[in-house]
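Notes to accompany the following structure.
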Amino acid sequence: LHEDQMTRGDLAKYKVLFLPWSSAISEGEARAIRQFVENGGTVIADSFCGIRDGNGVARPMLDDLFGLRQPLAPPTPAPGAMEITAGPMATGEAIPVTKGVRGLQLHGGEALATVGGEPALIVHRVGKGRAIFLNAGFSGYAWKIAGGMAGEIQIGGESASDAVVAVQGFFHKLLAEAGVSSPVQVSAENGNSSKVRLARFALGGATLLGVLRASGSGPVNAADPLPTRISFPEAQVYDSRAGEYLGKTNSITPQLLRGVAKAYALLPYKVDAVTIRPRQPVIQPGQAGVFQFGVEAAGAPVGTHVFHVTAQDPTGRARPEYAGNHRAENGKEEFSIPFAFNDPPGQWKITATDAATGLSSTTAITLEGEK
């Protein structure tokens, strides 16, 4: 969120605010963040947070909120292990991190973990909410993901895959403590969930999922699929790339190949048909052809869909200059194709394909010749 969004109250829409390496915090932001926590929100920050104001002047902006006093000098990056020794997240597991600052002092906050003997996971309850300060960094996380998912790269004797699992597990638990969990859960054979990337996009009442098995451990190999289960609230499910209806279900079990993306649509209704109709079946040279397309679904209001439209001239040649993507609010939309005076006369075929379901429909219009 931008500072302007925070100060106008947009934080109230959320349960958790992350402040990653947010060294400069303005007075307006600080007030908004305090109000957010007092009203029941959770803020999670890492090292070097709020040590300067909005003008870059060195002064503590949020130390009182986090219940601590931190040095104003930045930490020196060095590998470390965070050991959670207290609280509901205490498991004895070491999470690979980058060390935070030395000499951090507690002033009301409770340290639930340490890194190299320094307080690391500091929790401070304020009003109805909590401020969580991680005197540690996770800057190596992306590098570990990209650098060796099969464990061929070792850091301190720990494989990158193990490190990713530990970091992901830590943040899942941290968010769960704040009352936040993902509606989509991934589990893979032999504990390989960390090798699966999941992107989730909400489009009205629909959820669009992109699923990818990381390719860092080798090339695409059709003989080496990764059995995976993806669970979610019950929905009408479509394999968008294959154009296949998978039924009304709360889970799917794709076989993932390295580097080959899958796309799924989770809809609150089953799509009965996709339609496209010309407003006029015959048009003149240089005239725009107007088409109406839509989604039909029984027993439920239709939400937003995106259609890909293609055109084929009378010779059977695809005409990409007339192709495009169109957004259909409430499942219905109208679009036009501005035919040129020198376009070949005869029957043109226009196809609309729903991106979510893969369902398509084709119609035809006749473009008359010049008289």
Side-chain angles (χ1 to χ4, degrees), residues 15-16 88-89 91 93 95-96 141-142 144-146 148-152 158-271 300 303 354-359:
K15 291 184 178 181
V16 177
M89 294 177 57
T91 60
E93 181 182 20
I95 296 109
Y141 175 73
K144 290 174 185 178
I145 288 177
M149 291 299 298
E152 65 271 19
E158 181 176 37
S159 76
S161 181
D162 291 339
V164 167
V165 170
V167 173
Q168 288 182 346
F170 169 72
F171 276 99
H172 285 159
K173 292 174 184 176
L174 199 61
L175 288 171
E177 285 290 306
V180 175
S181 61
S182 172
V184 180
Q185 303 291 333
V186 178
S187 60
E189 189 177 66
N190 297 325
N192 284 316
S193 300
S194 66
K195 297 182 180 180
V196 179
R197 306 283 176 264
L198 181 70
R200 179 167 52 92
F201 179 73
L203 185 63
T207 297
L208 308 180
L209 297 179
V211 185
L212 179 67
R213 178 182 173 188
S215 57
S217 58
V220 175
N221 181 359
D224 181 33
L226 176 63
T228 305
R229 176 175 292 275
I230 304 173
S231 304
F232 39 78
E234 189 173 70
Q236 304 282 358
V237 183
Y238 292 84
D239 184 328
S240 302
R241 298 190 72 185
E244 181 182 359
Y245 174 58
L246 303 181
K248 185 176 183 180
T249 181
N250 59 7
S251 67
I252 52 178
T253 55
Q255 302 285 318
L256 301 181
L257 300 178
R258 284 187 292 266
V260 179
K262 296 274 192 178
Y264 300 96
L266 315 180
L267 305 181
Y269 47 81
K270 182 181 179 183
V271 174
D354 177 28
T357 63
L359 297 175

At their closest point, which heavy atom of [X] faces which heavy atom of [Y], and how far apart are they?
| X | Y | value |
| --- | --- | --- |
| Ala265 | Leu208 | CB-CD2, 3.9 Å |
| Ala188 | Val196 | CB-CG2, 4.4 Å |
| Leu267 | Ala206 | CD2-CB, 3.4 Å |
| Phe232 | Thr249 | CE1-O, 3.5 Å |
| Pro268 | Gly205 | CD-O, 3.7 Å |
| Pro225 | Ala222 | CD-O, 3.9 Å |

Original post:
Can you list every ring-ring contact (aromatic ring centres under 6.0 Å, His included) pair that touches residues 173-207, not counting sequence neighbours?
Top reply: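 Not a single pair qualifies under ring-ring contact (aromatic ring centres under 6.0 Å, His included).
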Pairwise distance [atom1]([X]) to [atom2]([Y]) - rounded to 0.5 angstrom:
| X | Y | atom1 | atom2 | answer |
| --- | --- | --- | --- | --- |
| Tyr264 | Thr357 | OH | OG1 | 15.0 Å |
| Ile230 | Lys262 | CD1 | NZ | 9.5 Å |
| Leu198 | Gln185 | CG | CD | 9.5 Å |
| Arg200 | Leu266 | CZ | CG | 10.0 Å |

Taking the side chain as every heavy atom from C-beta outward, state whether [X] and [Y] have any atom pair closer than 4.5 Å.
| X | Y | result |
| --- | --- | --- |
| Gln168 | Ser193 | no |
| Pro96 | Val167 | yes |
| Asn221 | Leu257 | no |

Original post:
Side chain of Thr228, backbone of Leu226: donor and acceptor closer than 3.5 Å?
Top reply: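 Checked: pair present.
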Original post:
Can you tell me if Lys15 uses its side chain to pair, donor with acceptor, with the backbone of Gly179 under 3.5 Å?
Top reply: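 The answer is yes, because a donor-acceptor pair under 3.5 Å joins these two groups.
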Subject >> Qualifying salt bridge (Lys or Arg N to Asp or Glu O under 4.0 Å) pairs, either residue in residues 220-229, two or more places apart >> reply: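 For residues 220-229, and leaving out neighbouring residues, the salt bridge (Lys or Arg N to Asp or Glu O under 4.0 Å) pairs sorted by first residue read Arg213-Asp224, Asp224-Arg258.
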Indicate every side-chain donor-acceptor pair of residues 234-242 with a distance under 3.5 Å to a residue at least two apart or in another chain.
from, atom 1, to, atom 2, distance (Å)
Gln236, OE1, Tyr245, OH, 2.4
Tyr238, OH, Val271, N, 2.9
Asp239, OD1, Arg241, N, 3.3
Asp239, OD1, Ala242, N, 3.1
Ser240, OG, Ala356, O, 2.6
Arg241, NH1, Ala261, O, 2.7

